[in-house]
Amino acid sequence: MSLTNINPRLVRNDSSNISDLSVLGNCGFFQSYAVEVDVKDASNFTCLYAQWMMKFLIKYETNSSDYKNASLDLTSTVTHNGSICGSDTQAALLAVQFGDGHSWSINFTKNNETYRAEFITFTYNTNDTAVFPDARRQGPVTIVVKDAMHPIQLNNVFVCHHTTSLEAENVTQIFWNVTMQPFVQNGTISKKESRCYADTPTAAPTVLPTVANVTTASTTISPAPTTAPKPAENPVTGNYSLKTGNKTCLLATVGLQLNISQDKPLLLNIDPKTTHADGTCGNASATLKLNDGNRTLIDFTFIVNASASVQKFYLREVNVTLLNYQNGSVILSADNNNLSKWDASLGNSYMCRKEQTLEINENLQVHTFNLWVQPFLVKENKFSIAQECSLDDDTILIPIVVGAALAGLIVIIVIAYIIGRRKSYAGYQTL
């Protein structure tokens, strides 16, 4: 089946009109564009239809060897060259190009009963200095991701209004308000829908972050105090790991809590039950990426300090992104790439049971509880010997107490000596 023409249409969507998230103050909502593509066959019948919204969060290296986070959105000018209708023997292809050399595509295959998405290919161009200022690597960068879409009945439209995301190679792709149907029959878009799990009535309802729901679902909204309210409980401790092949390369156990201090303070606990771990391992750096229900993305980057006499690792960077679960817009994005925390000798693990605070920026803190992490040289899927933080080391109180007691004793002796000297001198004067 040959392609004769494509009818694209862009609809501007101001995400700030979709839902009220004023609890975070003026966070600066991103405006996105919904893309509608109608691919026609040689007979001018619709053979592939799609309407969706998407954005990209990209971590890239700068010329100073630091890492920055870029946000890439669809622009008002999008082309759709290369889209293909597909057939029984050829995959359908939906392709778009936008901005300064960026492109995205997804291909679909089918059998006698169903169709499914196979691969998503995304190319971003770091020569686009407006998006990637001071990028060390210049030119197009392409990543290919296997799509997790389940098979859809032929002649059904796939619909997913809720946010979904894919993470690979320092890129997070975010999609929402998706309506797609490849292999359209007789040029007529079907009225039968196949919904994603998040859209089905049995799925958990969408709960946007508010002061009320960060602790329990049954809590009622009350006026926000001037300081951040404490949740009823500390966050649940989660266990996370990364593998290279069949070998575990990173272990982390931690309870996480975000402290957002904008117009109305907000404390948000990360739920391990809805959090997915991803990331990369290496000899000199490792990154743990946590995704809590496509609403909260937290990245921890660890570095090996090879210049020290004894090689140590430490936490160098933390990136936090809060997303609107319904429309994918970025509520808050913050990072600190100049940290020097959680250091331990290479081959050991780092432990801190007490609460610690990571300062990300003036509006965001990350609190950790029951922390135990080993980003390098994991053996037999177990933590190595732990180097504990000073907060956990109760033995440090002993020398402090002894030192204080000795100092007090010395002061008493000196005072007694001075008083004794004065009395002796006064007695001598009376003679």
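Each residue takes its place number in the sequence, starting with 1. Here the structure is a predicted model, which is why all the values come from computation and not from measurement.
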Visitor: List the steps and the verdict of side chain to side chain contact (heavy atoms under 4.5 Å, CB included) for N336 and V318.
Guide: CA-CA 6 Å; N336 186 339; V318 177; 5.6 Å; no
Visitor: Quick check: are there more than 12 heavy atoms from other residues, nucleotides or ligands sitting under 6.0 Å from NZ of K289?
Guide: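 Atom NZ in K289 is packed in, count exceeds 12.
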Visitor: Under 3.5 Å, is there a donor-acceptor pair between the side chain of S83 and the main chain of A95?
Guide: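 The answer is yes, because a donor-acceptor pair under 3.5 Å joins these two groups.
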Visitor: In chain order, what residues pass the side chain to side chain contact (heavy atoms under 4.5 Å, CB included) check against A277, with sequence neighbours excluded?
Guide: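 With neighbours one apart ignored, the set is Y240, L288, L290.
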Visitor: What heavy-atom pair brings L364 and S261 nearest, and what distance separates the two atoms?
Guide: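 In terms of heavy atoms, the two residues are closest at N-OG, 4.4 Å.
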Visitor: Checking the side chain of Y350 only, and the main-chain atoms of P375 only, is there a donor and an acceptor separated by less than 3.5 Å?
Guide: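 Here the side-chain-to-backbone pair does not exist.
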Visitor: Is the count of non-hydrogen atoms from other residues, nucleotides or ligands lying under 6.0 Å from N111 atom CG greater than 12?
Guide: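 Result for CG/N111: enclosed.
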Visitor: State, to 0.1 Å, how close W342 and L371 come at their nearest heavy-atom pair, and which atoms those are.
Guide: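 Taking every non-hydrogen atom into account, CE2-CD2, 3.3 Å.
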Visitor: Is a donor on one side and an acceptor on the other found under 3.5 Å between the side chain of N337 and the backbone of Y67?
Guide: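 Side chain of N337 to backbone of Y67, a donor-acceptor pair under 3.5 Å: yes, one is there.
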Visitor: Please answer whether the main-chain N or O of H367 pairs with a side-chain N or O of N259 as donor and acceptor at a distance below 3.5 Å.
Guide: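 No, because the side chain of N259 does not come within donor-acceptor range (under 3.5 Å) of the backbone of H367.
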Visitor: With distance as the sole test, does Q153 use its side chain to make a donor-acceptor pair with the main-chain N or O of S194 at under 3.5 Å?
Guide: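 Checking the backbone N and O of S194 against the side chain of Q153, no donor-acceptor pair under 3.5 Å is found.
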Visitor: Could you check whether any side-chain N or O of R116 sits under 3.5 Å from a backbone N or O of M149, counting only pairs where one atom can act as donor and the other as acceptor?
Guide: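 It does hold such a pair.
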Visitor: Would the number of heavy atoms belonging to other residues, nucleotides or ligands and lying under 6.0 Å from CD1 of I385 be above 12?
Guide: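 No.
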Visitor: Locate the shortest heavy-atom distance separating E317 from N69; write the atom from each residue and the value.
Guide: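 Minimum heavy-atom separation between E317 and N69: OE2-ND2, 4.4 Å.
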Visitor: Does the Lys NZ or Arg CZ of K341 fall within the cation-pi geometry relative to Y314 - under 6.0 Å from the ring centre and within 45° of the axis?
Guide: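 The answer is no; the distance or angle limit is not met.
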Visitor: Is the side chain of Q374 donor-acceptor paired with the backbone N or O of S384 at a distance under 3.5 Å, no angle test?
Guide: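 Yes.
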Visitor: Treating T253 as the side-chain partner and N239 as the backbone partner, does any N or O pair qualify as donor plus acceptor under 3.5 Å?
Guide: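 Flag not set: sc T253 to bb N239 has no pair under 3.5 Å.
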Visitor: Look only at the side chain of Q181 and the backbone of S190, and say whether a donor-acceptor pair between them is shorter than 3.5 Å.
Guide: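 Indeed, once roles are kept as given, a pair shorter than 3.5 Å links the two residues.
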Visitor: For A386 versus S349, what's the shortest heavy-atom pair and its separation?
Guide: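 Closest approach of A386 to S349, heavy atoms only: CA-OG, 3.2 Å.
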Visitor: Kindly write out the residues that satisfy ring-ring contact (aromatic ring centres under 6.0 Å, His included) with F132, not counting sequence neighbours, or none if the list is empty.
Guide: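 Partners of F132 under the ring-ring contact (aromatic ring centres under 6.0 Å, His included) test: Y60, Y124.
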Visitor: Taking atom NZ of K247 as the centre, does the number of heavy atoms from other residues, nucleotides or ligands within less than 6.0 Å exceed 12?
Guide: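 No.
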Visitor: Could you tell me whether a side-chain N or O of T301 sits under 3.5 Å from a main-chain N or O of R316, the two making a donor and an acceptor?
Guide: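 Between the backbone of R316 and the side chain of T301 there is no qualifying donor-acceptor contact (under 3.5 Å).
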Visitor: Taking the inter-plane angle between the rings of F98 and F56 on a 0 to 90° scale, is it parallel (under 30°), tilted (30 to 60°) or perpendicular (over 60°)?
Guide: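 Answer is parallel, since the angle falls under 30°.
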Visitor: Mind telling me whether H150 and F158 have parallel, tilted or perpendicular rings, with 30° and 60° as the class edges?
Guide: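 Perpendicular.
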